[in-house]
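Heads up: the structure comes next, in structure tokens.
Because only heavy atoms are used, hydrogens play no part in the values below, and waters and symmetry mates are left out as well, while side chains stay in.
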Amino acid sequence: MNKSPAIVLTRLDVQRLEKVMADIPAPLEMLEALEDELLRARVISHKQIPKDVVTMNSTVRFIDEASDREFVLTLVYPDQAGRPGTISVLAPVGMALIGLKVGQSINWQGPAGRPLRLKIIDVLYQPEANGDFHL
């Protein structure tokens, strides 16, 4: 991974993600990658998170600049993944998206080692901005 941009996470998301990591039987390298993201994040209250930051259960529009493909996906916990339009936070793209804000880009390794360069275009829905703290 190249130098990664600064990310911001809510305390609630960090607490929930730590529980997911403790409870889910996922490959160690996947859990370590997510843990690295949590450790490098600036953590703030869910009431203070800017509206343009990708949090859990946010719907985000982004582009993979490596392929020039645009996507709209909702970042979800692993147990909610698999529905159309969702991406698990444990998937490479999901890990890359969490905590980024509109305009930021990140270089990431995708499935089968394919390089990704993801850029956030818009956060179409963010639970915290809508007072949906229970999601």
Side-chain angles (χ1 to χ4, degrees):
M1 320 256 164
N2 295 343
K3 186 173 187 288
S4 298
I7 61 173
V8 180
L9 299 175
T10 70
R11 278 188 202 95
L12 279 176
D13 280 350
V14 169
Q15 291 169 351
R16 291 171 181 160
L17 288 168
E18 286 174 341
K19 182 170 178 11
V20 165
M21 291 187 321
D23 294 347
I24 196 161
L28 184 59
E29 68 181 30
M30 187 181 296
L31 296 175
E32 286 176 343
L34 181 56
E35 183 177 24
D36 288 347
E37 289 300 281
L38 298 182
L39 290 173
R40 76 179 190 86
R42 184 170 61 98
V43 180
I44 63 175
S45 166
H46 60 279
K47 294 180 181 178
Q48 297 175 324
I49 193 88
K51 296 176 183 182
D52 65 347
V53 172
V54 179
T55 62
M56 290 304 302
N57 295 301
S58 289
T59 301
V60 60
R61 186 164 62 102
F62 63 97
I63 189 168
D64 176 3
E65 295 177 319
S67 68
D68 209 29
R69 291 184 57 205
E70 189 174 307
F71 301 88
V72 174
L73 294 171
T74 299
L75 182 64
V76 297
Y77 294 97
D79 65 335
Q80 299 166 336
R83 295 187 322 261
T86 64
I87 186 76
S88 170
V89 69
L90 289 181
V93 170
M95 276 187 242
L97 293 175
I98 189 147
L100 292 178
K101 67 179 181 179
V102 172
Q104 280 186 308
S105 295
I106 189 168
N107 293 317
W108 202 259
Q109 189 170 333
R114 184 176 75 82
L116 302 170
R117 179 159 176 82
L118 306 179
K119 182 175 182 178
I120 306 300
I121 298 170
D122 196 10
V123 176
L124 303 172
Y125 169 80
Q126 183 204 69
E128 294 79 5
N130 288 279
D132 297 332
F133 304 121
H134 62 285
L135 297 178

Task: Check: V89 and R16 side chains under 4.5 Å, non-hydrogen atoms - done: no
Task: Check: T86 and Q80 side chains under 4.5 Å, non-hydrogen atoms - done: no
TODO: Working to the nearest 0.5 Å, report the span between OG1 of T10 and NZ of K47.
DONE: 12.5 Å
- [ ] Could you tell me whether the side chain of W108 and the main chain of L118 form a donor-acceptor pair under 3.5 Å?
- [x] no
- [ ] Please tell me if the side chains of D132 and N57 come closer than 4.5 Å, counting only heavy atoms from C-beta onward.
- [x] no
Task: Cationic N near anionic O, under 4.0 Å, D23 to K19 - done: yes
Task: hydrophobic_cluster_shared for V14 and I24, side chain cutoff 4.5 Å - done: yes
Open item on the list: Nearest 0.5 Å, please: how far is CZ in F62 from NZ in K119?
Closed with: 14.0 Å
Open item on the list: Looking only at side-chain N and O atoms, does T74 offer a donor or acceptor that is under 3.5 Å from a partner on T59?
Closed with: yes
- [ ] Please examine the side chains of E35 and M21, heavy atoms only from C-beta on, and report whether any two atoms are closer than 4.5 Å.
- [x] yes
Open item on the list: Can you give me the closest heavy-atom contact between Q104 and P5, atom names plus distance?
Closed with: NE2-CB, 3.5 Å
Open item on the list: Just verifying a value: how many Å separate R69 CZ and L116 CG, rounded to the nearest 0.5 Å?
Closed with: 11.0 Å
TODO: Mind checking the CD1-CG spacing from I120 to L97? Nearest 0.5 Å is all I need.
DONE: 5.0 Å
Task: Exercise: identify the closest heavy-atom pair between A33 and M95 - done: CB-SD, 3.6 Å
TODO: Would you confirm whether D122, through its side chain, and R61, through its main-chain N or O, come within 3.5 Å as a donor-acceptor pair?
DONE: no
- [ ] Treating Ile, Leu, Val, Met, Phe, Trp and Tyr as nodes and any side-chain heavy-atom pair under 4.5 angstrom as an edge, say whether V54 and V76 lie in one connected cluster.
- [x] no
- [ ] List, by chain and number, the other hydrophobic cluster members for I49, where Ile, Leu, Val, Met, Phe, Trp and Tyr join if side-chain heavy atoms come within less than 4.5 Å, directly or indirectly.
- [x] V8, I44, V53
Task: Heavy-atom closest pair, residues S58 and P127 - done: OG-CD, 3.7 Å
TODO: Taking all heavy atoms of S105 and all of R117, pick out the closest pair and write down the distance.
DONE: CB-NH2, 3.4 Å
Task: Interatomic distance, E128 atom CD to K51 atom NZ [nearest 0.5 angstrom] - done: 12.0 Å
- [ ] Could you tell me which non-hydrogen atom of D13 sits nearest to which non-hydrogen atom of Y77, and how far apart they are?
- [x] OD1-OH, 3.7 Å
- [ ] Could you tell me whether the side chain of V60 reaches within less than 4.5 Å of the side chain of L75, counting heavy atoms only?
- [x] no
Task: I106 versus R40, closest heavy-atom pair with distance - done: CD1-NH2, 3.9 Å
TODO: For the residue pair T55 and V123, establish whether any side-chain heavy-atom pair is separated by less than 4.5 Å.
DONE: no
Task: Spatial distance of atom CE (M30) from atom CG (L34) [nearest 0.5 Å] - done: 10.0 Å
